[in-house]
**Student:** 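One structure is given below, represented as structure tokens, and several questions about it will come after.
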Amino acid sequence: MAADHLPITKFEDKIMETVKANPVVVIIGETGSGKSTQLSQILHRRGYTRSGSIAVTQPRRVAAVSVARRVALELGVRLGDEVGYSIRFEDQSSEKTRIKYLTDGCLLREILSNPELNQYSVIILDEAHERSLNTDILLGLMKRLVKMRSSNLKVLITSATLDGVKVSRFFSDCPILNVPGTLFPVEKLYSAKRPASYLESSLQTALDIHIREPPGDVLIFMTGQDDIEKMVAKLEERIGHLEEGSCLDAIVYPLHGSLPPEAQVLVFSPAPPNCRRFIVATNIAETSLTIDGIVYVIDCGYVKQRQYNPTTGIYSLDTVQISRVQADQRAGRAGRTRPGKCYRLYPSSVYLEELLDATVPEILRSSLAGCVLYLKSLDLTDIDILRFDFLDPPSDDSLEDALRQLYLIDAIDENGLITDIGRKMAELPLDPSLSRTLIEANELGCLSQALTVAAMLSVETTFLHNRRKDKDKKRKQPVSDLPNGSGWGDHIQLLQIYENWAEVGYDRNWLIDNDLQVRSMKFAKDIRKQLCQIMQKIAKGAVDVQSNHRHKESRLQYHGLRKALCQGYGNLLAERMIHHNGYRTLGHRSQLVQVHPSSVLESDEDGRLPDYVVYHELVATSRPFMRNVCAVEMAWVMPILKKLEKLDINKLSGGMRANKVPEFNGNPQTESSKNEAPESVMEPDNHDSKIQAARERYLARKGKK
DNA sequence: GAGCACTGC
């Protein structure tokens, strides 16, 4: 249990000296340095927990729990006493807790009720290089907090490969400490040129390794489920054709997020003797899951990334080149147990000249409505929210988009000030539209139903069907007899599904029979419970969270619920075109869109879809689609359109536009011909000029250091 | 009439 062998313990004195003299310290610690488990213990030993406790944030739930367990074990204390953790739905901490591990999202929630975090003497932001949206918000908040609490707060920012200089500069040139890790060397091998098909190329490389290289498992990074399934099949086939006894046995595992947990666990079972394991994975194996025994890594150089375009409101999932940080992270997976090799299926010139230093941070790729609402609810009086000091500031387009959305759903007023409704919304751990829906539903007496819809939409992947590769395409009838939303659309269908499940006593088998994901449905149940509690708290008065079965008729019309949804999704409205079933969005910029073909929204006898709908999100695949739609009435839409007409972005943003700094106009990387991805990979991002522009601004800033 | 990288409150 002794941790003396960890490199970081040798640096204890140096770390303490630096922390004592500085309010903020950046610690660069490679994998295996022990920073996640040791740093908190060092500070604890040296008396930093006498006046308060230590918070250590993690971007992932499992990490928060497992690191806390480890530290409790090393200190010989019971988990939840001196050492604890706090994640959504699970608080294992108490009055006694001196070291608390929590997800970055949990710390943001704590800030809502205690903006100065007075209970903590030290805050450690771990794995900051991942640049999760929440960590980025925390970085900005910490910068303010150290100024306010300079006498009694220490902030440590730790990460693996983060650009330490950039973060140090952000925190007024604070010191940077480097702690070496215990990784073994990994030899990098590059392809002479980009392969025509990275799938074929990975396959060939995998077989070469299997035939020529000594024992050791192989981890192959691919972009998505489809490619993984193809790869697994081809690899098994080709290995089957190898001459018997010519090499080791082999076993091939797929690994991606949508596999059921039982299948994911398989990769952690030891290989049979004399057998080489091949693991074909998405970037889930880059950070979330660590597999022992990997000696060879094959890196295709691409990743799927979701991006939001603030001018159209459309999300897209693009296959893009990985960053150098990601490439190094992937390579590092080969050196955990002994020296390894990493086969990069691209030339070294690509690695050196084309790849971005670091992945574009999530904050530059997301809708910021929730983030802006959160910051507004903190009442940071001394600064303008739109000039909030982010490590990588989002574009004006993105911030203005967030303001427009928040205004349309009454979270802020025409001057950009947070409203009472907005404050309540910020308390709810939901997309702003869903928070707004709950508050409206409470007024209209259909909160119970709205809670269910919000919970179901929060988990997303409830359906397993559609995925079935049914060759019988003529069969138009739904495979199961799940409810169909009574024609009103997908929100209502989700409600009905949950209600049916509740009626059979939340029976697991009912879910399996109906091709629903057990894990996500249970998660929805937890979320619903949590939302229920929060609504009871913020609504003050009595809240009706029981189902309202008063009138059979009104239940089938779902009148109140649809009205609440219309109010909540006032920023996500669409109007049907006169002559066909296409829609145009009713927002800042109108967009031609269609109902996603998987929707259960029904047309009338004449084949016409409803005149007005609200949608959960716009997703661009082959075309822009509205995913999860609900029919609403024109009378409910009109007041929202009036609001839209009145909207004045200059007032909303408090004159932000007037003082705008000219945007960067350079164009360092538009030559895309070299960038073309091989077969089965889409054009790497940026058919979209706005996202491209965001990337370029980001690049330009990085280039200026 | 289409197709889903990964997290988190």
**Student:** When you get a sec, tell me which of B/dC9, B/dA5, B/dA2 is the closest nucleotide to the side chain of A/Ile87?
**Tutor:**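 For A/Ile87, the side-chain atoms sit closest to B/dC9.
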**Student:** Roughly, in whole Å, what's the span from CG in A/Asp104 to P in B/dC9?
**Tutor:**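 Result: 8 Å.
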**Student:** Where the side chain of A/Gln225 is concerned, which of B/dA5, B/dC9, B/dA2 is the nearest nucleotide?
**Tutor:**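 Nearest listed nucleotide: B/dA5.
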**Student:** For A/Ile137 and B/dT7, give me the distance from atom CD1 to atom C1', rounded to whole Å.
**Tutor:**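 Between C1' of B/dT7 and CD1 of A/Ile137: 14 Å.
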**Student:** Output yes when A/Arg131 and A/Asp392 qualify as a salt bridge under the 4.0 Å nitrogen-oxygen rule, no when they do not.
**Tutor:**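 Between A/Asp392 and A/Arg131 there is a salt bridge, with a charged N closer than 4.0 Å to a carboxylate O.
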**Student:** Which nucleotide wins on minimum distance to the side chain of A/His256, given the candidates B/dA2, B/dC9, B/dC6?
**Tutor:**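 In terms of side-chain proximity for A/His256, the closest of B/dA2, B/dC9, B/dC6 is B/dC6.
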**Student:** By ring pair (Phe, Tyr, Trp, His ring centres under 6.0 Å), which residues pair with A/Phe625, not counting sequence neighbours?
**Tutor:**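 If we apply the ring pair (Phe, Tyr, Trp, His ring centres under 6.0 Å) test to A/Phe625, skipping adjacent residues, the hits are A/His596.
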**Student:** Identify whether any heavy atom of A/Ser132 sits under 4.0 Å from a base atom; if not, whether one sits that close to sugar-phosphate; answer base, sugar-phosphate or nothing.
**Tutor:**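 It contacts nothing in the nucleic acid.
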**Student:** Under 4.0 Å between any heavy atoms, over every strand shown, what does A/Ile284 touch: base, sugar-phosphate, or nothing? Just pick one.
**Tutor:**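 Since only primed, P, OP1 and OP2 atoms lie under 4.0 Å of A/Ile284, the category is sugar-phosphate.
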**Student:** Look at the side-chain N and O atoms of A/Thr282 and state whether any lies under 4.0 Å from the OP1 or OP2 oxygen of B/dC6.
**Tutor:**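 Answer is yes, contact under 4.0 Å.
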**Student:** Roughly how many Å is it from NZ in A/Lys230 to P in B/dC4, rounded to a whole number?
**Tutor:**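 Taking NZ of A/Lys230 and P of B/dC4, I get 13 Å after rounding.
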**Student:** Can A/Arg330 be said to sit on top of A/Phe221's aromatic six-ring, NZ or CZ under 6.0 Å from centre and within 45° of the ring axis?
**Tutor:**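 Output yes; distance and angle both within limits.
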**Student:** In this structure, how many angstroms lie between the P atom of B/dG1 and the CD atom of A/Glu602, rounded?
**Tutor:**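 About 17 Å, once rounded to whole Å.
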**Student:** Measure the distance from CG on A/Asp136 to P on B/dG8 and round it to the nearest whole Å.
**Tutor:**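 Going from A/Asp136 (CG) to B/dG8 (P), I get 17 Å.
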**Student:** Could you check how far CG of A/Leu138 sits from P of B/dC9, rounded to whole Å?
**Tutor:**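 These atoms are roughly 13 Å apart.
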**Student:** Using the ring centroid of each side chain, check whether A/Tyr615 and A/His491 are separated by less than 6.0 Å.
**Tutor:**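 Centroid distance A/Tyr615-A/His491: not below 6.0 Å, so no.
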**Student:** Starting at atom CD of A/Glu362, determine the distance to atom P of B/dA5, rounded to an integer number of angstrom.
**Tutor:**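 One finds 17 Å between P of B/dA5 and CD of A/Glu362, rounded.
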**Student:** For A/His596 and A/Cys106, find the nucleotide of DNA chain B closest to each by heavy atoms; which residue's nucleotide sits nearer the 5' end?
**Tutor:**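 By nearest-heavy-atom nucleotide position, the 5'-most residue is A/His596.
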**Student:** Reading DNA chain B from 5' onward, which residue's closest nucleotide shows up sooner: A/Arg365 or A/Phe523?
**Tutor:**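 Mapping each residue to its closest nucleotide by heavy atoms, the 5'-most match is A/Arg365.
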**Student:** If you check the A/Arg61 side chain, which of B/dC9, B/dA2, B/dC6 turns out closest?
**Tutor:**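 It is B/dC9.
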**Student:** Looking at every strand, decide which applies to A/Arg60 at a 4.0 Å heavy-atom threshold: base, sugar-phosphate, or nothing.
**Tutor:**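 Since only primed, P, OP1 and OP2 atoms lie under 4.0 Å of A/Arg60, the category is sugar-phosphate.
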**Student:** OP1, OP2 of B/dT7 versus side-chain N and O of A/Thr103: anything below 4.0 Å?
**Tutor:**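 So the side chain of A/Thr103 is outside the cut-off, no N or O lying under 4.0 Å from OP1 or OP2 of B/dT7.
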**Student:** Of all residues at least two apart in sequence or in a different chain, which pass the ring pair (Phe, Tyr, Trp, His ring centres under 6.0 Å) check with A/Phe523?
**Tutor:**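 A/Phe523 satisfies ring pair (Phe, Tyr, Trp, His ring centres under 6.0 Å) with A/Phe89 once adjacent residues are dropped.
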**Student:** Whole angstroms only, please: what is the CG-P distance between A/Asp526 and B/dC9?
**Tutor:**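 Taking atom P of B/dC9 as the reference, CG of A/Asp526 is at 12 Å.
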**Student:** Quick one: which of B/dC9, B/dA2, B/dA5 gets closest to the side chain of A/Arg623?
**Tutor:**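 For A/Arg623, the side-chain atoms sit closest to B/dA2.
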**Student:** Under a 4.0 Å threshold between the charged nitrogen and the carboxylate oxygen, would A/Glu229 count as salt-bridged to A/Lys234?
**Tutor:**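 Here A/Lys234 does not pair with A/Glu229 in a salt bridge, since their nearest N and O are not under 4.0 Å apart.
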**Student:** May I ask you to say what A/Leu428 touches in the nucleic acid, namely base, sugar-phosphate or nothing, with a heavy-atom cut-off under 4.0 Å?
**Tutor:**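 Since no nucleic acid heavy atom lies under 4.0 Å of A/Leu428, the category is nothing.
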